[in-house]
A.B. asks: 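Below you will find the structure I want to go over with you.
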Amino acid sequence: MNKELPKNFETAENEEHWYKIWRASGFFNPDNLDLPEDAPTYTIILPPPNITDKLHMGHASELAIQDLFIRYKRLRGYRTLWLPGTDHAAIATQTVVEKKIKKEQGLSRHDLGRVEFLKKVWEFLGETQSAILNQTEKMGASLDWSRLAFTLDDPRRLAVREMFIKMHSEGLIYRGERIVNWCPRCQSTLADDEVEHETQAAKLYTFKYDAAFPIAISTTRPETKLGDTAVAVNPKDDRYKQYIGQTIAANFCGVPLKLQIIADRNVEMEFGTGALGVTPAHSMIDWQMAEEHNLPIVKVINEDAKIHPGFGPYSDLGVLEAREAIVAELRKNNLLTGEEDISNNLSVCYRCGTAIEPLPSMQWFIAVDKPIERLGNKSLKQIALAAAVDGEIEFNQARFAKKYTDWMTNLRDWCISRQIWFGHEIPAWHKGEEIYVGAEAPAGEGWVQDSDTLDTWFSSGMWTFSTLGWPGTFAGGRKSGDLARFHPTQTMAPGYELITLWVSRMVMMSYYALGEKPFEKVYLHGMVLDKQGKKMSKSKGNGIDPLDMITLYGTDAVRLSLTAGTTAGNDLKFYQEKAEDSRNFVNKLWNIGRFIISQMEDETLPINTAELTLADRWILSKFKHTKSLVTASLESYEYGQAIDILKEFTWDQLADWYLEASKFSRSASTPAVLKLILEELLVMWHPFAPFVTETLWSYLGKPQLLIVSHWPDQNPTEYTDTEAETQFEQIIEAIVAIRNARSVNKIEPAKKLPALIITDSVELYTQNSALLISLRTGLSEMQIISSGQAPAEAIFAQTPNADIYLSVPVDREQEKTRLNKELTDTQSFIERLSKQLANDEFVHNAPPALVAKERARLAETETKAQSLQEQLKKLD
RNA sequence: GGGCAAUUAGCUCAGUUGGUUAGAGCACUUCGUUUACACCGAAGGGGUCAGAGGUUCGAGUCCUCUAUUGCCCACCA
C-alpha cells in the first residue's frame with residue numbers, strides 16, 4: 001500500500017471534515033446508535049453556558065472533559081446522550097444588553113420600554129448564541145444537536161409555568177415582605193449568593209440621637225438611623241441594663257423617633273459603644289430583631305437609594321448626601337462624640353458592583369423548610385440534604401459534598417422573583433389586592449400579569465428534566481419518552497463554583513417534580529486560570545480565546561492540554577506552552593500512525609504467537625497492562641491519569657523502543673502486531689484526541705467510524721509475558737548503558753565489516769542483547785571485547801575493516817568522578833538497607849514480601865558496588 | 001471571624017489505603033539530522049517534599065502547631 005501522508009497532522013481541514021461526517025452520521029444522537037434494546041444509558045446534560053459572551057477557556061475545559069466521558073462510554077457500548085443548551089442568564093444578559101444600548105444609542109431600557117428592550121435582547125441572543133454553538137462544534141463536542149434546548153424557549157416556558165403553579169398550589173411558593181438585597185442600579189433583588197463583599201475604608205460614627213438620650217450608639221450609616229425603632233444592647237451589659245424595656249422618645253436631627261430599648265445576645269459589648277441602633281427596614285439582622293421584638297418598621301430608603309419623603313430636609317437626598325448632612329447636623333449640635341476610621345465590608349452587586357441596599361419588599365419565595373405531604377412530609381431542604389448524606393448523589397470530592405451539605409443546612413427560603421424584564425414571566429395575575437396564579441389570566445377585566453420575572457436558577461434548576469420533555473413526558477406520575485429513558489442522568493459536570501447556586505437547586509427541583517435525583521454523580525471541575533494563577537477575565541485582559549488556540553495548535557492539542565495532568569476538581573493553569581506540548585504529542589501520535597500505515601500490506605497475516613520476536617512479545621505484554629490501567633482509570637473518572645499512562649506507553653514504549661526494534665527485528669507476525677496495537681491505541685486515544693485518531697483510523701480500512709467502534713477488550717493473542725518483559729528490559733538497560741558510557745565515532749563509512757563494541761556492562765547480559773544492539777546500530781556482526789583496557793591501536797589492528805567503533809570515553813578523570821559518585825550513592829544505600837534489615841521491628845512488622853524484596857535488593861546492590869569498584873580499579 | 005484547599009526540581013504539576021534510592025513535561029547543558037516524526041532522538045545537571053514538633057520499625061503521605069497563597073461562607077451596627 002502506498003500512502004502518502006503529510007509529515008505533520010493537518011488540523012484545520014481534518015477537524016472540519018470529520019465533524020461534518022460525525023454530524024451527518026447521526027451518531028451523536030442515541031436513537032441512531034446500533035445497540036441492543038437493553039444497552040445501558042449514559043447521559044450528561046450540558047451545563048448551559050450563558051449567552052452573554054463567547055466561550056472562554058473554562059467552557060473549553062468543561063466541553064473537553066464531558067466529551068471524553070461521552071466518547072468513552074459510547075465506545076463501551078452505552079446509549080450515550082449529551083444534551084446541549086444555552087442559558088438565558090436573566091440578570092447577566094439584561095445588564096450586558098443595557099450597557100450595549102447605552103453605548104450605541106445612549107438610551108436606557110426605560111427609554112425603550114419593555115417590549116422594545118426585549119426585542120433588543122433577543123437580537124443580541126441570536127448573535128452570541130450562534131457564536132457559542134460554533135465554538136462548541138470547534139471543540140469537537142459530540143453533542144446531540146437534535147435536542148438543543150434554551151432555558152427560555154417555549155418548552156422550557158411551559159415547564160417553568162407548570163412548576164410554579166404546582167409549587168404554589170402545594171403552598172411552597174408564597175408571597176411575603178422581606179428584606180432583600182436590592183441593587184439600585186439593576187433595579188432588582190439579588191440572591192444572597194449574588195452579592196459580593198468588598199473591603200472598603202469607612203467611618204464609624206458614635207453619637208447620641210439627641211442631647212437627652214441616655215445611650216450613645218455607633219454606626220457607619222447615620223442616614224438609616226432616621227428609621228430606627230429600637231436600640232439593642234447585650235443583656236449582660238451592666239452599662240445599659242437599667243434601660244432595657246423602656247421606650248424613649250428622641251428628636252433625631254429634627255425627626256421624631258420612638259426607641260424601645262431591647263436586649264439581644266447578638267450585640268457585641270466590645271464593639272463601638274456596645275449599643276446598636278435597630279433599623280428594621282434596612283438591615284438583615286435588624287429585621288430579624290424586629291420580628292422577634294415586634295418592632296415597628298419604618299422605611300427610610302427607596303428603590304433608587306434615596307431617602308423617602310417625610311424626613312424633613314433629608315427627603316429625596318441620595319444616601320451619601322443624607323449621610324453627610326446628618327453628620328454635619330450632629331456635629332453642629334455637639335452630639336457626635338466619635339469618628340473612627342475602620343475597614344468595612346461593603347455588599348455590592350455581583351454584576352455591576354453597585355452598593356446593595358437592604359430593603360423590605362414584596363417578593364415570591366419558595367419555602368424550603370415546609371413539609372410536603374406528597375413527599376413523606378419532608379421539606380425540600382431535608383430531601384436535598386439526605387440525597388448527599390445518604391450517598392444517593394455522589395460527589396467527586398468529599399470536600400464538595402461537605403460544601404453542599406453545609407450550604408443546604410443553612411439555607412433560608414429562596415427568593416425567586418426578580419425585578420428585571422428579561423426572564424421567565426411569573427404566572428401570576430394581579431387585580432388590586434387580588435392575586436391569581438395560573439397559566440392564563442383569569443376571566444374578567446383588569447387582571448395584570450405580575451411584572452417581575454423569575455430568578456434564572458428557577459429555570460436552570462429544572463434543567464435535567466425540562467430538557468427531557470417534562471411535563472409532557474410525566475403524566476399521572478409516570479415517566480415516558482426521553483424522560484423515562486434518560487432520567488436520572490448519570491453525570492453532571494459543572495465548575496465547583498456552581499455547587500450552591502445550581503447543583504443544589506437541581507436536586508431540590510428534581511426530587512420535587514419527579515421524586516427522583518437529577519443525576520447520579522456530580523463531577524465538579526476546577527477553574528481555568530492564567531499562568532500566574534489569576535482568574536481569566538475580560539477586564540484584566542488575561543483571557544485566552546479557545547478558538548485562537550485551536551487555530552494555532554488544533555482541537556486535539558487544546559483538549560489534551562486541558563485534560564492531561566489534571567486532577568479532579570483542582571484548578572488548572574493554562575498557558576500557551578501547554579497547548580504547544582500537546583500539539584507535539586498529537587504530531588507524535590500522527591507519525592506513529594503514519595509509520596505503521598506506511599508499512600501495512602494489503603493483507604496482514606494474523607498473529608502467530610509461535611513466531612513472535614522478543615520485542616513483539618514485550619510490547620504485547622506491555623500493551624495488555626496499559627489497557628487495563630487506562631480502563632480502570634477512566635472507570636474511576638481519573639482521566640488525567642489515563643492520559644499519563646497512555647502517553648507513556650505510546651511515546652516511551654511503543655515509539656522509542658518497539659517501533660525502532662521493529663525496523664530491524666521482525667517476524668512474519670510483526671506487521672499484525674503493529675496493526676493491532678495501532679487500531680486499539682487509536683480507540684483509546686479517541687476520547688481525548690478525537691480528530692487525529694479518526695483521521696488515522698480512516699486509513700485502516702475499517703467499515704465503521706472510530707466514534708462508534710469498540711473499546712478494546714482483552715485480546716486472545718495478548719498475555720502477560722514476564723519473561724519477555726524482563727529480557728527486553730535488560731536489553732534496554734544494556735543499550736542505555738552503552739549510550740551512557742561511549743561515544744560513537746564514525747570511521748571510514750565505506751568499509752562494511754565486523755564492528756566492535758567495547759563494554760564492560762554488556763558482559764552481564766545475554767547474547768540476545770548483543771544481537772539486538774548490533775541490529776539497532778545497523779551492524780551485521782558484533783564482537784564483544786571485554787573491558788576498556790585494550791589500547792586503541794590494538795583494537796584497530798584486530799578489526800581493521802570496522803566502520804564503527806564504540807569507543808571508551810577519552811576523559812578518564814571524568815569517568816572516575818562519575819563512577820565514584822555512583823559508588824558513594826550505592827554504598828550509602830547499602831548502609832540504609834542493612835540498617836533497616838538489622839532492625840528486628842522492621843523484620844517483624846513489615847509485610848514479609850517487602851522484607852524479602854529488601855533482602856534481594858541488598859544483595860543486588862552489593863554486587864553492583866563490587867562491580868563499580870572493579871571498574872574504578874581498571875581506570876587507575 | 002468560620003470553613004476548604006494549596007505549598008514537592010527554575011516553571012507547571014503527578015505521587016492511589018504510610019513501605020524500593022521522590023517522578024513527568026517544559027526550560028537549561030552537551031551531543032546527534034541513519035528514509036515515522038527537529039512539532040525529533042540520545043545523554044546530563046537540578047529537590048533536606050514550606051517550617052517546627054509528634055505518632056510509627058518506617059512519613060511527601062497520618063496528627064498538632066506556625067508561615068505564605070488562593071477560594072468559599074458570614075459579617076459588626
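Numbers restart at 1 for each chain; the letters A, B, ... are given by sequence-line order, proteins then strands.
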A.B. asks: Between B/rA74 and B/rU20, how far apart are the C1' atoms? Round to whole Å, please.
C.D. replies: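 It works out to 49 Å between them.
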A.B. asks: Find the distance A/Leu850:CG to B/rU17:C1' and express it as a whole number of Å.
C.D. replies: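 To the nearest whole Å, that distance equals 15 Å.
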A.B. asks: For a quick check of understanding: with a heavy-atom distance under 4.0 Å over all strands, which category does A/Arg594 fall into, base, sugar-phosphate or nothing?
C.D. replies: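 The residue A/Arg594 makes sugar-phosphate contact but no base contact.
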A.B. asks: Of the nucleotides B/rC39, B/rA77, B/rC26, which has the atom closest to the A/Thr220 side chain?
C.D. replies: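 Of the candidates, B/rA77 comes closest.
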A.B. asks: Give me the stems containing RNA chain B, sorted by first residue, counting only three or more consecutive Watson-Crick or G-U pairs with both distances under 3.5 Å; say none if there aren't any.
C.D. replies: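 Stems found: B:1-7 with B:67-73, B:10-13 with B:23-26, B:28-32 with B:40-44, B:50-54 with B:62-66.
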A.B. asks: In whole Å, what separates the P atom of B/rG23 from that of B/rU66?
C.D. replies: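 The answer is 33 Å between these two P atoms.
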A.B. asks: Just by distance, do the side chain of A/His293 and the backbone of A/Ile262 share a donor-acceptor pair under 3.5 Å?
C.D. replies: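 Such a contact is absent between A/His293 side chain and A/Ile262 backbone.
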A.B. asks: Give me the distance, rounded to whole Å, that separates B/rG60 from B/rU21 when you measure between the C1' atoms they each carry.
C.D. replies: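 Nearest-Å result for B/rG60 against B/rU21 at atom C1': 15 Å.
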A.B. asks: Check whether any side-chain N or O of A/Asn584 sits under 4.0 Å from OP1 or OP2 of B/rG25, and answer yes or no.
C.D. replies: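 No, outside the criterion.
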A.B. asks: Measuring to OP1 and OP2 of B/rA24, would you say a side-chain N or O of A/Lys647 lies under 4.0 angstrom away?
C.D. replies: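 Checking B/rA24 against A/Lys647, no side-chain N or O comes under 4.0 Å of OP1 or OP2.
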A.B. asks: Counting N and O atoms only, with roles assigned by atom type, does the side chain of A/Asp286 sit under 3.5 Å from a partner on the main chain of A/Thr279, one being a donor and the other an acceptor?
C.D. replies: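 Yes, A/Asp286 side chain to A/Thr279 backbone: donor-acceptor pair under 3.5 Å.
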A.B. asks: By ring pair (Phe, Tyr, Trp, His ring centres under 6.0 Å), which residues pair with A/Tyr496, not counting sequence neighbours?
C.D. replies: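 Ring pair (Phe, Tyr, Trp, His ring centres under 6.0 Å) check on A/Tyr496 returns A/Phe400.
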A.B. asks: Distance check: side-chain N/O of A/Arg832 vs OP1/OP2 of B/rU21, anything under 4.0 Å?
C.D. replies: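 Answer yes for this pair, as a side-chain N or O of A/Arg832 is under 4.0 Å from OP1 or OP2.
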A.B. asks: Could you give the distance separating B/rA42 and B/rA36 at their P atoms, to the nearest angstrom?
C.D. replies: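 After rounding to an integer number of Å, I get 15 Å for this pair.
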A.B. asks: Remember a base hit wins even if backbone is also touched, and classify A/Tyr575 as base, sugar-phosphate or nothing at under 4.0 Å, heavy atoms.
C.D. replies: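 Sugar-phosphate only.
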A.B. asks: Taking only the side-chain heavy atoms of A/Ile285 (C-beta and beyond), determine which of B/rU20, B/rC76, B/rA14 contains the nearest atom.
C.D. replies: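 From the listed options, B/rC76 comes nearest.
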A.B. asks: Under a 3.5 Å threshold, yes or no: a donor from one side chain and an acceptor from the other, between A/Ser218 and A/Thr206?
C.D. replies: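 Yes, a side-chain donor-acceptor pair sits under 3.5 Å.
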A.B. asks: Scan nucleotides 55-61 of chain B nucleotide by nucleotide, 5' to 3', and note B when protein non-hydrogen atoms come under 4.0 Å of the base, S if they reach only the sugar-phosphate, - if neither.
C.D. replies: --B----
A.B. asks: Would you kindly give the CG-to-P distance between A/Asp571 and B/rU69, to the nearest whole Å?
C.D. replies: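 Atom CG in A/Asp571 sits about 17 Å away from atom P in B/rU69.
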A.B. asks: Nearest-Å distance, CD1 (A/Ile499) to P (B/rC72)?
C.D. replies: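 One finds 12 Å between P of B/rC72 and CD1 of A/Ile499, rounded.
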A.B. asks: Quote, to the nearest angstrom, the C1' distance that separates B/rA27 from B/rG10.
C.D. replies: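 My reading of the C1' atoms in B/rA27 and B/rG10 gives 8 Å.
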A.B. asks: What distance, rounded to whole Å, do you find between the two C1' atoms, one in B/rA59 and one in B/rG18?
C.D. replies: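 Straight-line distance between the two C1' atoms is 6 Å.
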A.B. asks: Where do A/Tyr553 and A/Gln576 land on the side-chain hydrogen bond (donor to acceptor under 3.5 Å, both in side chains) test, with the steps shown first?
C.D. replies: CA-CA 9 Å; A/Tyr553 303 110; A/Gln576 209 156 323; 3.2 Å; yes
A.B. asks: Between B/rU48 and B/rU34, how far apart are the two P atoms, rounded to whole Å?
C.D. replies: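 Those two atoms are separated by 42 Å.
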A.B. asks: Report the distance from atom NZ of A/Lys578 to atom C1' of B/rC13, rounded to the nearest whole Å.
C.D. replies: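 Checked: the NZ to C1' distance equals 7 Å.
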A.B. asks: Figure out the CG/P separation between A/Asn410 and B/rC73, and round it to whole Å.
C.D. replies: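 In whole Å, B/rC73 P lies 12 Å from A/Asn410 CG.
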A.B. asks: Any donor-acceptor pair under 3.5 Å linking the side chain of A/Lys208 with the backbone of A/Leu336?
C.D. replies: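 Side chain of A/Lys208 to backbone of A/Leu336, a donor-acceptor pair under 3.5 Å: no, none is there.
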A.B. asks: What interatomic distance, in whole Å, is found between P of B/rC28 and the corresponding atom of B/rG70?
C.D. replies: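 One P to the other, the span is 30 Å.
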A.B. asks: Which nucleotide in the set B/rG3, B/rA77, B/rC39 lies at the smallest distance from any side-chain heavy atom of A/Lys225?
C.D. replies: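 Closest of the options to the side chain of A/Lys225: B/rA77.
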A.B. asks: Starting the side chain at C-beta, find the nucleotide from B/rC39, B/rC72, B/rU20 nearest to A/Phe829.
C.D. replies: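 Looking only at side-chain atoms, A/Phe829 lies closest to B/rU20.
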A.B. asks: Does a donor on one side chain sit under 3.5 Å from an acceptor on the other, for A/Lys588 and A/Thr650?
C.D. replies: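 Note: A/Lys588 and A/Thr650 side chains miss the donor-acceptor criterion.
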A.B. asks: Base, sugar-phosphate, or nothing: which does A/Ala564 touch, judged by heavy atoms less than 4.0 Å apart?
C.D. replies: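 The answer is nothing, as A/Ala564 stays clear of every strand by at least 4.0 Å.
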A.B. asks: Can you tell me if A/Ser561 uses its side chain to pair, donor with acceptor, with the backbone of A/Ala557 under 3.5 Å?
C.D. replies: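 It does hold such a pair.
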A.B. asks: Have A/Ser633 and A/Glu638 got a donor and an acceptor in their side chains that come within less than 3.5 Å?
C.D. replies: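 Checked: A/Ser633/A/Glu638 side chains show no N/O donor-acceptor pair below 3.5 Å.
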A.B. asks: Students often get this wrong, so: under 4.0 angstrom with heavy atoms, is A/Asn570 touching a base, only sugar-phosphate, or nothing?
C.D. replies: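 If one applies the 4.0 Å heavy-atom cut-off, A/Asn570 turns out to touch the sugar-phosphate alone, with no base involved.
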A.B. asks: Can the ring centroids of A/Phe585 and A/Trp685 be said to lie less than 6.0 angstrom from one another?
C.D. replies: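 Yes: the rings meet the under 6.0 Å criterion.
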A.B. asks: If you find the nucleotide of RNA chain B closest to A/Lys573 and the one closest to A/Asp652, which residue's nucleotide is nearer the 5' end?
C.D. replies: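 This one resolves to A/Lys573.
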A.B. asks: Between C1' on B/rA77 and CG on A/Leu204, what's the gap in Å once rounded to a whole number?
C.D. replies: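 My rounded result for the distance is 8 Å.
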A.B. asks: I'd like to know if the side chain of A/Gln260 reaches the main chain of A/Thr229, judged simply by a donor and an acceptor atom lying under 3.5 Å from each other, with no hydrogens or angles considered.
C.D. replies: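 A pair under 3.5 Å: no.
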A.B. asks: Reckon A/Trp651 has a side-chain N or O less than 4.0 Å from the OP1 or OP2 of B/rA24?
C.D. replies: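 So the side-chain polar atoms of A/Trp651 never come under 4.0 Å of the phosphate oxygens OP1 or OP2 of B/rA24.
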A.B. asks: Please report, rounded to the nearest Å, how far the P atom of B/rC13 is from the CD atom of A/Glu577.
C.D. replies: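 Taking atom P of B/rC13 as the reference, CD of A/Glu577 is at 13 Å.
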A.B. asks: Does any N or O donor sit under 3.5 Å from an N or O acceptor when you compare the side chain of A/Arg399 with the base of B/rC4?
C.D. replies: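 No such pair is found, so the answer is no.
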A.B. asks: Output the rounded distance in Å from CD (A/Glu854) to C1' (B/rG19).
C.D. replies: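 Spelled out: CD on A/Glu854 to C1' on B/rG19 is 8 Å.
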A.B. asks: Quiz question: going by heavy-atom distance under 3.5 Å, is there a donor-acceptor pair between the base of B/rC37 and the side chain of A/Lys588?
C.D. replies: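 Per atom types, the contact qualifies.
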A.B. asks: Measuring from A/Thr826:OG1 to A/Ile830:CD1, what's the distance to the nearest 0.5 Å?
C.D. replies: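 One finds 6.5 Å between OG1 of A/Thr826 and CD1 of A/Ile830.
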A.B. asks: Quick check on RNA chain B: between A/Ser283 and A/Glu638, whose nearest nucleotide comes earlier from the 5' end?
C.D. replies: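 Here A/Glu638 is the residue nearer the 5' end.
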